[in-house]
Amino acid sequence: MNNNVRPTARRHLGLAAAVAATVFVSGCASTVEPTNPRDPWENFNRGTFAFNEAVDGALLKPIAYAYRDLTPQPMRSCIHNIFGNFSDMWSALNSMLQARGHDFFNTLGRVLFNSTMGLGGCIDVASMNGAHKIPNDFGTTLGVWGVGSGPYVVLPFMGASTLRDGTATLTSMAADISPLTPIFEIDNIPLRNSVLGLYAVDLRESLLDADKLVDETALDRYSFIRDAYLQQRDAMVNQRRADGGSPPDYSDDELPDYSDDDSDTAAQ
């Protein structure tokens with residue numbers, strides 16, 4: 001393991017903990033009555049949410065819009081697909097942990113196909129051939145294993161989460177097993193930090209349209225984002241715990257055809 005990786009991860013976690021403590025103090029000063037039984041820490045969460053919104057509005061969102069305006073769309077797609085390929089590796093591992101063999105082999109096929117025919121993941125040729133993304137993560141895995149979501153919590157910089165999902169995220173990052181692992185393994189520190197920055201900008205840019213929709217439809221951004229997040233996470237866990245937790249029956253399904261399609265490759 002690279003010695004530079006662990007100190008960096010510890011510094012990031014330490015900074016997040018310090019900010020969380022500061023926001024907690026300010027959040028406790030408010031007197032908002034919890035409006036959702038799954039959000040008993042609403043005072044603290046709204047304080048953290050306000051902090052995240054301030055940082056996002058002053059820094060992240062303007063950078064994301066500048067990135068969208070200045071970077072050609074094909075290049076943005078290439079960058080987004082490469083990071084998505086890293087995420088697929090993590091999804092495949094969690095599908096295996098959930099005993100979902102069909103999803104595991106489907107996602108593993110995506111990674112192999114995009115890494116080769118897709119020029120290192122730059123082109124999502126797997127989706128062109130019918131193998132679409134199957135999002136997965138360790139928080140969902142814990143849910144499939146029977147761990148309850150726990151209270152809703154807003155993490156500094158990271159946003160909406162739950163006690164289970166937040167613990168899963170921080171644990172996977174501390175263990176260097178996450179979608180960011182390939183980036184943390186880069187020995188050149190300036191290059192690694194640049195790639196991490198690009199990852200954050202790409203992620204924020206991908207959420208701009210959804211963010212605009214929230215602004216246009218939500219009366220209370222905090223409640224809207226909280227409820228949408230909880231519904232999405234519940235749906236992901238329940239889908240994977242179908243039939244009382246037993247793996248779904250894929251006997252009539254076929255894995256996508258990863259054979260080279262001349263028409264698809266020509267279109268690329």
Side-chain angles (χ1 to χ4, degrees), residues 8-27 42 44-87 90 135 137 139 152-162 165-166 168-170 172-174 178-184 186 189-230 232-233:
T8 301
R10 285 197 295 269
R11 285 196 297 270
H12 290 168
L13 294 177
L15 176 61
V19 173
T22 302
V23 175
F24 177 77
V25 173
S26 62
E42 186 168 346
F44 161 74
N45 286 333
R46 283 188 178 272
T48 310
F49 179 81
F51 167 80
N52 288 346
E53 289 282 283
V55 173
D56 182 63
L59 182 65
L60 300 180
K61 187 183 292 186
I63 292 176
Y65 272 114
Y67 172 72
R68 172 178 285 187
D69 293 339
L70 299 176
T71 307
Q73 199 279 330
M75 184 176 295
R76 296 201 313 271
S77 295
C78 175
I79 293 171
H80 187 73
N81 289 338
I82 291 174
F83 288 134
N85 208 37
F86 294 163
S87 179
W90 181 233
D137 55 66
Y152 176 75
V153 61
V154 180
L155 300 176
F157 303 109
M158 302 177 68
S161 187
T162 61
D165 294 343
T169 298
L170 296 177
S172 62
M173 290 180 64
S178 75
L180 297 178
T181 296
I183 303 176
F184 282 131
I186 299 175
I189 296 178
L191 175 60
R192 182 179 68 206
N193 291 340
S194 297
V195 175
L196 284 171
L198 181 59
Y199 175 87
V201 172
D202 169 75
L203 178 61
R204 187 62 186 90
E205 189 276 334
S206 69
L207 297 174
L208 287 176
D209 293 336
D211 187 68
K212 182 179 180 181
L213 178 63
V214 173
D215 285 337
E216 294 174 349
T217 60
L219 297 177
D220 179 5
R221 277 180 59 87
Y222 172 83
S223 298
F224 186 95
I225 293 173
R226 175 195 63 197
D227 295 344
Y229 176 83
L230 292 175
Q232 180 204 36
R233 298 299 295 178

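As the structure is a prediction and not an experimental result, all values here were calculated from the model. Just the heavy atoms: all of them, side chains too, but no hydrogens, waters or symmetry mates, feed the values below.
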Is [X] reaching over with its side chain to a backbone N or O of [Y], donor-acceptor style, under 3.5 angstrom?
X	Y	answer
Arg221	Val214	no
Asp165	Ser161	no
Arg46	Tyr222	no

Using 0.5 Å steps for rounding, measure from the [atom1] atom of [X] to the [atom2] atom of [Y].
X	Y	atom1	atom2	answer
His80	Asn85	NE2	CG	11.5 Å
Leu219	Phe224	CG	CZ	10.0 Å
Phe83	Ser206	CZ	OG	11.0 Å
Ile82	Leu198	CD1	CG	9.0 Å
Ile183	Arg192	CD1	CZ	10.5 Å
Ser178	Phe184	OG	CZ	6.5 Å

State, with a plain yes or no, whether a side-chain heavy atom of [X] is found less than 4.5 Å away from one of [Y].
X	Y	answer
Phe44	Val154	no
Asp211	Lys61	yes
Tyr67	Leu208	no

Where do [X] and [Y] come nearest, in terms of heavy atoms and distance?
X	Y	answer
Pro179	Phe86	O-CB, 3.6 Å
Arg233	Gly139	NH2-C, 3.7 Å
Thr217	Leu213	OG1-O, 2.8 Å
Leu60	Arg204	O-CG, 4.0 Å
Ile63	Val201	CG2-CG2, 3.7 Å

Requested in this report: Check the side chains of Tyr152 and Asp227 for a donor-acceptor pair under 3.5 angstrom, ignoring hydrogens and angles.
Outcome: no

Query raised in the report: Does the distance from a Lys or Arg side-chain N to an Asp or Glu carboxylate O, for Arg68 and Asp202, drop under 4.0 Å?
Result: no

Query raised in the report: Does Arg226 pair with Asp220 as a salt bridge, N-O distance under 4.0 Å?
Result: no

Requested in this report: Measure from the ring center of Phe51 to the ring center of Phe157 and say whether it is less than 6.0 Å.
Outcome: yes

Report summary line: Per side chain to side chain contact (heavy atoms under 4.5 Å, CB included), Asn52 is matched among Asp56, Val55, Thr48 by Thr48

